[in-house]
**Q** 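Got a structure for you, questions after.
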Number of protein chains: 2
Amino acid sequence: MGQSKPSSRVGRAGSCEPKYSETAIRILDAAEGLFAELGMEATSLRLITQQAGVNLAAVNYHFRSKDALFEAVFLRRFGPWATECIGELDALEKRVAGGKEPLAVEAVVMSYVRPALALSKDPACGGAMFVRLFSRVLVENHRQLRETLSRQYGELVTRYTQALGRALPGLSEEEVEWRMHLGFSVMFHAFAGNDILKVFGPSLVSARHPDLIVKHIVPFMVAGLTSPPGGTGGCARAGPQARAGGAHRG
Amino acid sequence: MGQSKPSSRVGRAGSCEPKYSETAIRILDAAEGLFAELGMEATSLRLITQQAGVNLAAVNYHFRSKDALFEAVFLRRFGPWATECIGELDALEKRVAGGKEPLAVEAVVMSYVRPALALSKDPACGGAMFVRLFSRVLVENHRQLRETLSRQYGELVTRYTQALGRALPGLSEEEVEWRMHLGFSVMFHAFAGNDILKVFGPSLVSARHPDLIVKHIVPFMVAGLTSPPGGTGGCARAGPQARAGGAHRG
DNA sequence: GTACGTTTCAAACGGATGTTTTAGCAATGG
DNA sequence: CCATTGCTAAAACATCCGTTTGAAACGTAC
C-alpha cells in the first residue's frame, strides 16, 4: 500500500535465501494458509491470488509454476526450522561432556519438540499452519519436494538418528529408526491437530494451546522411546487378558 | 455410567449394506487404490474409469457424484472394520469379569491394533490401501464424510474411550482422550507408512510386513499410554540435561 | 526526454475436470 | 408382440484449471 519499499529482504535467519518482493510475500502468505487448509490440489491459483489481492499472473511471474510456489511456501518455513533443529542438537551435544556418555531421552525429545513448538506459537511465522502443511507433505506424495528435501536436508535425519542412538544405547540402528519414525509421527500430527477423535465428533483434545500439546506429548514420547527393547523379547507376549479363544466371527 | 448397549448403532457386517453390481465394484476397487495413492482431488474420474475398464458415465450412474463415490469407497471398508472393533471390545470386556476391575492396557491396545492389522494383511479387503486412505481422511477435510462418520460411528470413539479409561484408572477423562488421540495417531500413520524419515531419503523402516509394524508399535503405544500422569506434575520440568542458558541465537 | 529493465494487469489459450444428455443394447414380464 | 427396466456407450456440456501473452505502468539511469 502506502509504504513504497519497506524491506526488500524478508528472511532474517538466512542471508543466502532468495529475497521476495512484497507481492511475492503476499502470495506466499495466502498460499500457505490455503495449502495447509485445503491441500495443494484443491487450492487454485485464482483463489490464492484473490485472497492475496494480487493479479493472477503474478504467481507465474514471481514463481515459475504452481509446483514451484508450493515448494517455495514449504521451504520458506522449513529452512529456518531446520537451522533451529541443528542448533538445538549442537547445543545439546556440546552440553554433554565429551560426546561419549549417553544423552537423556527427554533432552533429545525436547530438541525435536522445541523448534516445532516455537514455530507453532509464532504467528509471524505462520503459526501452526506450517506444521499442518508439513503433516500433509508426510501423507501426500510431492515428488519434486521430496527430492529437494532429501538432497538438501538429509543431514537432519542423520543427526537426529545419531542423537537418539546415543540416548538409547543398546538398541539396534533399525530399532532406533523405528522409534524415531513413531515419535516424529505422533509429534507432527499432534501439532497439526490431526485427530482421529475429531473425525467422529467434537473432541476435548483439539484446538488447544501449543504448550498444552507439549505437556501431553512429551511424556508420551519419552515413555514410548524408552520402552524396553521389544525386538524379539518380552513385551508383545500374551498378557493376563490376552485374547482367549479364536476370532469372534469368521 | 451405563455401558448399556454393547453394539447398537454400528452397522452389522454383511446383510443390509448396499449390494454393488459388478461394474460398481470395479469402480470401487480402482478408486480405492487411486484415492489412497494420489488423494481425492488429484484423482480424476477418467483415470478411475479407465483403470476399472468401464465407461466414464458409469460413476455418476452407480454413485451420484465423485464425492459420493469417495464416501462409498471409504465406508465399504470402514463398516466391517468398525464391526470388528466393536467385537474386539465386547470380547475383551466380557473376558474381564464383572466389568469392574481395570483392563490391561496392552489388551486395549490390541483391540485397536488387531483389526487394523487384519485389514492391512487381507489383500481381498484392499490390504493396506484402506489404512492409507484413512490416514488421508485424518489429515484432509472431507466435510461430508465427517458428518456421516460422526452420525453413524460416533459410538466407536465412546467405546474406546471407556475401555481405555477402565485400563487407566486415575486419569482424567481429558487425559484419557489425549492419550487415545496420540495412540491412534501413531498407529494409523504407522500402518499407512507415513514416515518422516522416508521424506528425507530411503529408510530402513518403511515397506515392512504388517507384523513387523505391530511388533514395534505395540510396546511404543503401551509405554506411552501408561506413562505417569503428567497433567501438572513432574515430567516437563528441567531434567539432568535440560537446556542450559538462553537460546543459541536470537 | 528517452530508453530500459521490472512489475502489473486484463484477457485469452489449450486442456482437463465433473456432470449431463441422448441413444442404444439386453433382458424381463405381460 | 410391445413395453418396461437396468445398464452401457459416446458425445457434448459448462466450468474451472495452470499457464501464456502483449500491452500498459512503474521507477531509474543516462
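What you see below is based on every heavy atom in this structure, not just the backbone, and it leaves out hydrogens, waters and symmetry mates. Source: prediction; values computed, not measured. Below, chain A is the first sequence line, B the second, and so on; all start at residue 1.
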**Q** Any side-chain N or O of A/Ser65 under 4.0 Å from OP1/OP2 of D/dG18?
**A** no

**Q** Can you identify which nucleotide, out of C/dT8, D/dT19, D/dC17, has its nearest atom closest to the A/Thr23 side chain?
**A** C/dT8

**Q** Between A/His62 and C/dT8, is there a side-chain N or O to OP1/OP2 distance below 4.0 Å?
**A** yes

**Q** Report the C-alpha separation of A/Glu155 and A/Ile86 in whole Å, then their side-chain angles, then the decisive distance to 0.1 Å, and conclude whether the side chain to side chain contact (heavy atoms under 4.5 Å, CB included) test is met.
**A** CA-CA 9 Å; A/Glu155 176 197 359; A/Ile86 295 287; 4.3 Å; yes

**Q** Please report, rounded to the nearest Å, how far the C1' atom of C/dG18 is from the CE atom of B/Met40.
**A** 10 Å

**Q** When the distance from CD of A/Glu41 to C1' of C/dT17 is rounded to whole Å, what number comes out?
**A** 13 Å

**Q** Would you say B/Asn60 reaches C/dT19's phosphate, i.e. side-chain N/O to OP1/OP2 under 4.0 Å?
**A** yes

**Q** Give a yes/no on whether any side-chain N or O of B/Ser44 is located under 4.0 angstrom from OP1 or OP2 of C/dA16.
**A** no

**Q** Using atom types as modelled and distance alone, determine if a side-chain donor or acceptor of A/Lys66 lies under 3.5 Å from a backbone N or O of A/Met40.
**A** yes

**Q** Is there a donor-acceptor contact under 3.5 Å from the side chain of B/Arg77 to the main chain of B/Phe130?
**A** no

**Q** Between C/dT17 atom P and B/Leu47 atom CG, what is the distance in whole Å?
**A** 8 Å

**Q** Given atom NZ of B/Lys66 and atom P of C/dT19, what is their separation to the nearest angstrom?
**A** 8 Å

**Q** Looking only at the side chain of A/Arg46 (C-beta and beyond, no hydrogens), which of the listed nucleotides D/dG18, D/dA9, D/dC7 gets closest?
**A** D/dG18

**Q** Taking the six-membered ring for Trp, are the ring centroids of A/Phe74 and A/Phe134 within less than 6.0 Å of each other?
**A** yes

**Q** How many Å lie between CG on A/Asn55 and P on D/dG18, as a whole number?
**A** 14 Å

**Q** Check whether any side-chain N or O of A/Lys198 sits under 3.5 Å from a backbone N or O of A/Gly193 as a donor-acceptor pair, and report yes or no.
**A** yes

**Q** For the side chain of B/Leu45, starting at C-beta, report the closest nucleotide among D/dC17, D/dA9, C/dT19.
**A** C/dT19

**Q** Closest approach to the side chain of B/Ala57, judged atom by atom: which nucleotide of C/dT8, D/dA9, D/dC17 is it?
**A** D/dA9

**Q** Closest to the A/Leu56 side chain: C/dA11, C/dT7, D/dT8?
**A** C/dA11

**Q** CD1 of B/Ile48 versus P of C/dT19: gap in Å, rounded?
**A** 11 Å

**Q** B/Thr49 near the nucleic acid: base, sugar-phosphate alone, or nothing, with a heavy-atom cut-off under 4.0 Å?
**A** nothing

**Q** Pick the nucleotide of DNA chain C nearest each of B/Ala42 and B/Tyr61; which residue has the one closer to the 5' end?
**A** B/Ala42

**Q** Return the value, rounded to whole Å, for the distance between atom CD1 of A/Ile27 and atom P of C/dT8.
**A** 8 Å

